[in-house]
Structures are given as structure tokens and as C-alpha cells.
Amino acid sequence: MAIRDKRNKKDDEQKAIEINAEMQGTLSFTDPVNLRINGNFQGTLQTKGTLTIGENANVDARITGESIIVAGKVKGDVTAKTMLVLMPGSELEGNISTPKLNIVEGAIFQGKCQMLSESLTIDEVSNYLDIDIQSVVEMANAGNIPAIRDGENWRFERAKVDRWITLEKAKG
């Protein structure tokens, strides 16, 4: 396993981990990381950030992550909270849940697919509506915008926010 650091344009430090060996067990990340698996992995993967299953990878695991790109072979259920991409030559055998799915020609998928509603954070809603975060919090607390309390945070389903915008525009 090799660990290396990268910097993006915003000068935020992003961690990148590349696994080229055979591993088994549970890998769980609480902070965003760009994880790439090129070898064999068996067990459970819980990631934040982008998970890439390389072309030569063979993964037998239950996978939960944000953005997941599969170029190799995966056997197991996959939940991608942001998006899932199956690249040409990839094989996925298992059930998938994601709000965005891209199966590129040449990929093989065997299983069931459940499309999740796209969930937005308060920062994303603030940017989406072009209003400050405090205003979004006040609107959510007052029940003036469709939102779901998730512990200390608010979640917003994009489809419900879009419908709310349409209704608000109709009101004038």
C-alpha cells in the first residue's frame, strides 16, 4: 500500500491511497480520501471521497462510498451516495443503490438497481439557491424549505428543492 498526498487548486489537502496488494477485512474512512484499489480485496469498504476499482482489481466486498468508479471486477452490493460509474470492461455482480448511475458500453452489470434521490448538504443548497448558509438554516428551521433533520445537520433532496423553487416562483 502506498500513501501519497496531493494538493488541489483550492489548496485543500487531499489524501490519496493506492492499494496494489491483496487485502481482506474492513477499510473504513471518516475523512474524504481518493482510494484506488488495483489488487484483490475481500471484506467491507466504507469510503468518503472517490473510490476507484482499477482495471486489474478483483473486489469481493460490500461497498459504501460517495463517488465510485469501477473499471475492474466487483462482487457484492454497492451503495454510492453521489454517483457510480461502470467503465468499459468492468464487471459488477451485486445490487447497487445510487442517485446517479453511468454504465458505459462494454461494462457488465448483474443485479438490481435502486435509484436514490440526490441529497444535498446545506453548503450545496446555499450555492444552488445563491443565498447564505444562515438563511438556509433559518428557512429549514422554520419549515419554509423542504429539508430533513439528520442529527445536527440538515439534508435536502434535490427533487423536492426543485419542486419548492417552482412553487415559489409561481407564487410570484
Side-chain angles (χ1 to χ4, degrees), residues 1-10 12-125 128 148-162:
M1 176 172 26
I3 300 174
R4 62 184 173 189
D5 291 329
K6 294 180 178 178
R7 297 215 179 254
N8 67 16
K9 293 178 183 177
K10 296 179 182 176
D12 292 334
E13 188 172 312
Q14 288 191 331
K15 297 173 187 164
I17 299 174
E18 194 164 323
I19 298 173
N20 294 309
E22 186 167 325
M23 292 182 66
Q24 62 182 9
T26 298
L27 279 178
S28 181
F29 297 89
T30 55
D31 293 324
V33 64
N34 291 324
L35 175 63
R36 181 177 180 89
I37 297 177
N38 293 318
N40 297 327
F41 181 84
Q42 186 175 21
T44 302
L45 284 169
Q46 296 175 335
T47 65
K48 286 190 172 182
T50 302
L51 168 64
T52 302
I53 309 294
E55 294 174 357
N56 298 319
N58 195 351
V59 174
D60 184 354
R62 179 179 190 88
I63 302 171
T64 302
E66 292 177 343
S67 296
I68 300 172
I69 301 166
V70 178
K73 295 179 181 176
V74 173
K75 184 175 182 181
D77 294 342
V78 177
T79 299
K81 295 178 182 173
T82 303
M83 68 172 210
L84 173 64
V85 179
L86 301 180
M87 301 299 290
S90 66
E91 295 179 24
L92 192 151
E93 181 182 336
N95 299 322
I96 56 177
S97 300
T98 185
K100 292 182 183 174
L101 175 62
N102 184 359
I103 301 177
V104 181
E105 185 175 345
I108 297 172
F109 167 59
Q110 293 181 346
K112 295 180 180 176
C113 176
Q114 177 183 8
M115 299 304 293
L116 304 173
S117 61
E118 185 177 1
S119 185
L120 302 172
T121 65
I122 202 157
D123 291 337
E124 292 167 331
V125 170
Y128 190 59
I148 302 165
R149 175 70 88 178
D150 186 13
E152 296 292 319
N153 301 311
W154 287 102
R155 285 187 303 114
F156 305 84
E157 292 182 24
R158 181 183 295 270
K160 289 183 179 179
V161 171
D162 287 341

Between [atom1] on residue [X] and [atom2] on residue [Y], distance to nearest 0.5 Å:
X	Y	atom1	atom2	value
Leu45	Thr79	CG	OG1	12.0 Å
Ser97	Leu84	OG	CG	10.0 Å
Leu92	Asp77	CG	CG	9.0 Å
Arg36	Ile17	CZ	CD1	14.0 Å
Ser90	Ile53	OG	CD1	10.5 Å
Arg62	Asn95	CZ	CG	9.5 Å

Exercise: identify the closest heavy-atom pair between [X] and [Y]:
X	Y	answer
Ile69	Met87	CG2-CG, 3.8 Å
Arg149	Glu152	NH1-O, 3.6 Å
Tyr128	Arg158	CE1-NH1, 3.1 Å
Ala80	Pro99	O-CD, 3.2 Å
Ile68	Gly65	CD1-N, 3.9 Å

### Query
Taking the side chain as C-beta and beyond, is there a heavy-atom pair between Glu157 and Ile148 under 4.5 Å?
yes
### Message
Would you say that Ile37 contacts Leu51 through its side chain, given a criterion of any heavy-atom pair below 4.5 Å between the two side chains?
### Response
yes
### Message
Assess the residue pair Met83 and Asn102 against the criterion (side-chain contact (heavy atoms from CB on, under 4.5 Å)); give the C-alpha distance rounded to whole Å, side-chain angles, the decisive distance to 0.1 Å, and a yes or no.
### Response
CA-CA 8 Å; Met83 68 172 210; Asn102 184 359; over 6 Å; no
Matching residue for [X] among [options] - test: side-chain contact (heavy atoms from CB on, under 4.5 Å):
X	options	answer
Leu27	Ile19, Ile63, Thr44, Val33	Ile19
Phe109	Val74, Ile103, Val70	Ile103
Phe41	Gln24, Met23, Glu22	Met23

### Passing candidate, salt bridge (Lys or Arg N to Asp or Glu O under 4.0 Å) with Glu118, options Lys100, Lys81, Lys160, Arg155
Lys100
### Query
Have Asn38 and Asn20 got a donor and an acceptor in their side chains that come within less than 3.5 Å?
yes
